[in-house]
Amino acid sequence: MTDEVSRNERIKEASDYLRGTLADGLREEITGAIVEDDQQLVKFHGMYLQDDRDLRPERTRKKMEKAFAFMIRVRIPGGVLTPQQWLALDQVARDYGNHTMRLTTRQTVQLHGIIKSNLKATLKEIDAALLNSIAACGDVNRNVMCGANPDYGPDHVAALDLARALSNHLLPHTPAYREIWLDGEKIVGGEEEAVEPIYGKTYLPRKFKIVVAVPPSNDVDIFAHDLGYIAIRDDKGDIAGWNVTVGGGMGMTHGEEDTYPRTADVMGFCKTEDAVKIAEAVVTVQRDWGDRVNRKHARLKYTIEDRGLDFFRAEVVRRAGVLLEEAKPFVFTSTGDRYGWSDGADGRSHLTLFVQNGRLADSAVAKQMSTLRQIAQAHESEFRITPNQNLIVANIPPERRTEIHWLAKEAGLLAPVSGLRRNSMACVALPTCGLALAESERYLPDLMRALDERLSAHGLAADDIVIRMTGCPNGCARPYLAEIGLVGKGPGRYNLYLGAAFDGSRLNKLFAESLDHAGIVAALDPIFAAYADRRQKGERFGDFCIRAGFVAACGNGRDFHANTGVKRAS
Ligand code: SRM
Ligand code: SF4
């Protein structure tokens, strides 16, 4: 290894396959934290050390240690949980966490507020429910998503099977998780090849994300991910194979134009039996070619921008030893969830619920966690987390439909009328996210009240418009693929992006910078008015913003920062 590699590369290499000094750090009672290098390693185990940022000023004044606690992110390929698993997560959230469950933009559950001394107990209970948090974070393949819209036809079964196969194949092999958190016996590491045949000692240069989409729904937002598979049907309607996409990603840094979001390219078509081989080849090319010096340039999207898609594809094909055919035609129509009831062929029904920004809690107005617990306790229905922070209660028997409908309604979990709300997402941000520059999850509902009022005034209240907010430019709620994207710039200030495609295929562009609440409403109100007045039949808000000249259409990658001068409509 050269001298130049980033600090994280050295930490990984010295970690003895992700062990570091985590086991000792857990026993250290003098602090609620762990040492810095272990803070990087613990991510590979699905955890982040955080502190409550609301409490920082007071604790600093009182010369107290920060209010440290851990966030645990569970690995749930395809977002599917049995009722027993749902109940187990609900229980640990109440016993050890902050009494909330946070459904994420990658179909998982995050538990916040777990103090160090409770980590092992929490992970043991999660393990007893046949779940874990291995590789939910870190420089490895993360939770694999797949289309969650509630059709449950054979396409969805095939997509879930593929998501699970990819997830299993790319799971780290190190026994460190079992040793440290579950008191497993220490297994002495062998040769690098034997311990981590795919990743090696230093794992990947950066995080890696895979999704599986079932057209016409692009609910997984396939173009935002490192690697994606699009289900392609044959003439009889069976799965013929998968178009493969590579090189999508959202994260960037304000003011650094060599960082940018990028939509994935369609690289070719593969048969189902070759899909995992292709994934392994993509991962190992990225392992070997990805930038290990500059972490801001280490995602696959930069490898592909720098080397070119053709060169990358040729290397993937060579390593996989299988052919990639020319990509097949496909059509996506939306990125959102289909709310409400749908019926399965077996007489059972599925109910897609609206969970505002993914946060489930029991509050004075709505007992959401209790309600879902009550539904799960009947042990009949499956719980499916969507890629849009929502939840599907699936396989509901006919005799429970009415009861579950009313329970969900009372808990405020049925989809709202507002088209903006139905298509909204916000990342966690404050108070737990250490990278947040501005509020997101706690603020978006207030902003939407104001925007809904303006939309109603223009007769647009029920129109589907995708809005997403994040507290910083990392892009956790995929804001650069939203028709209205709001990205935190500083306390109470947001950059406003417009012009993404409703089907998730085109990025948006910067329209205005550093707006406060009043500024956002004032910027959007005339655009809503123009949309109501001048849109063409069926024209989506994002497309209108471009046609009317509010923003230029975004190409890809490096084009994101070009031509962002605010262009007013004539
Ligand atoms: Fe994310 C870092 C939350 C999906 C791009 N993300 C973080 C951290 C862990 C902050 C940190 O590093 O200290 C956030 C924890 C906040 C908290 O308090 O819980 C965080 N990310 C989330 C979640 C919970 C957002 C949500 O509201 O649902 C999502 C959890 C997903 C999961 O279950 O695995 C989440 N993050 C995403 C996505 C969307 C996606 O994957 O579909 C993205 C954009 C796609 C992409 O990866 O390009 C995303 N998160 C980032 C980045 C920027 C990565 C980059 O390439 O620049 C960071 C920062 C980093 O990695 O350095 C980040
Ligand atoms: Fe935190 Fe930024 Fe991700 Fe929001 S987008 S959760 S503020 S890292």
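Every number for a ligand or one of its atoms is a count from 1 in the order of the listing.
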Parallel, tilted or perpendicular: which fits the ring planes of [X] and [Y], with parallel below 30° and perpendicular above 60°?
X: F223; Y: F332; result: perpendicular
X: Y302; Y: H297; result: parallel
X: W86; Y: F383; result: parallel

Counting only N and O atoms by type, is there a donor-acceptor contact under 3.5 Å from the side chain of [X] to the main-chain atoms of [Y]?
X: N388; Y: N390; result: no
X: Q107; Y: C146; result: yes
X: T259; Y: T253; result: yes

Among all protein non-hydrogen atoms, which one is nearest to [atom], and what is the separation to 0.1 Å?
atom: atom 14 (C) of ligand 1; value: C433 SG, 4.1 Å
atom: atom 12 (O) of ligand 1; value: Y48 CE2, 3.3 Å
atom: atom 26 (C) of ligand 1; value: R102 NH1, 3.5 Å
atom: atom 28 (O) of ligand 1; value: T105 N, 2.9 Å
atom: atom 33 (O) of ligand 1; value: T108 OG1, 2.4 Å
atom: atom 32 (C) of ligand 1; value: R106 CB, 3.3 Å
atom: atom 3 (C) of ligand 1; value: R73 NH2, 3.6 Å
atom: atom 23 (C) of ligand 1; value: Q110 OE1, 4.1 Å

Whether [X] lies under 4.0 Å from ligand 1, heavy atom:
X: R295; answer: no
X: K301; answer: no
X: N143; answer: no

For [X], atoms of ligand 1 separated by under 4.0 Å from a heavy atom:
X: R206; answer: 60 (C), 61 (O), 62 (O)
X: Q389; answer: 26 (C), 27 (O), 28 (O)
X: C427; answer: 27 (O)
X: A426; answer: 27 (O)
X: G249; answer: 48 (O)

Does the pair [X]/[Y] count as a salt bridge with the N-to-O cut at 4.0 Å?
X: D219; Y: R338; answer: no
X: R384; Y: E382; answer: yes
X: R468; Y: D221; answer: yes
X: R299; Y: D226; answer: yes

**Q.** Test applied, side chain to side chain contact (heavy atoms under 4.5 Å, CB included); reference residue, M101; option that passes from L89, L391, V355
**A.**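 When L89, L391, V355 are each tested with M101, the side chain to side chain contact (heavy atoms under 4.5 Å, CB included) holds only for L89.
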Q | With F68, the side chain to side chain contact (heavy atoms under 4.5 Å, CB included) member among I115, D52, D51, I34 | A |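 Per the side chain to side chain contact (heavy atoms under 4.5 Å, CB included) rule, the option paired with F68 is D51, out of I115, D52, D51, I34.
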Measure from [atom] to every heavy atom in [options] and give the option owning the shortest one.
atom: atom 5 (C) of ligand 1; options: L103, L430, N474; answer: N474
atom: atom 61 (O) of ligand 1; options: R142, H112, M145, K207; answer: K207
atom: atom 43 (C) of ligand 1; options: K209, R299, R478, M250; answer: K209

Examine the side chains of [X] and [Y] and answer whether a donor and an acceptor come within less than 3.5 Å of each other.
X: N98; Y: T100; result: yes
X: T386; Y: D337; result: yes
X: N556; Y: T263; result: yes
X: Y199; Y: H173; result: no

**Q.** Distance below 2.8 Å from atom 2 (Fe) of ligand 2: protein N/O/S atoms
**A.**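 Less than 2.8 Å away from atom 2 (Fe) of ligand 2 sit C472 SG.
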Under 3.5 Å between some N or O of ligand 1 and some N or O of [X]?
X: K43; result: no
X: Q50; result: yes
X: G475; result: no

Q: Can you measure from CZ (R493) to OG (S514) and round to the nearest 0.5 angstrom?
A: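 With rounding to 0.5 Å, CZ (R493) is 6.5 Å from OG (S514).
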Q. Quick check: does C476 have an N/O/S atom under 2.8 Å of atom 1 (Fe) of ligand 1?
A.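 Yes.
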Q.
At under 4.0 Å between heavy atoms, is it the side chain or the backbone of M425 that contacts ligand 1, or both, or neither?
A.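 Looking at M425 and ligand 1, no heavy atom falls under 4.0 Å.
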(Q) For R53, give me all partners under salt bridge (Lys or Arg N to Asp or Glu O under 4.0 Å), at least two apart in sequence or on another chain. (A)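 None.
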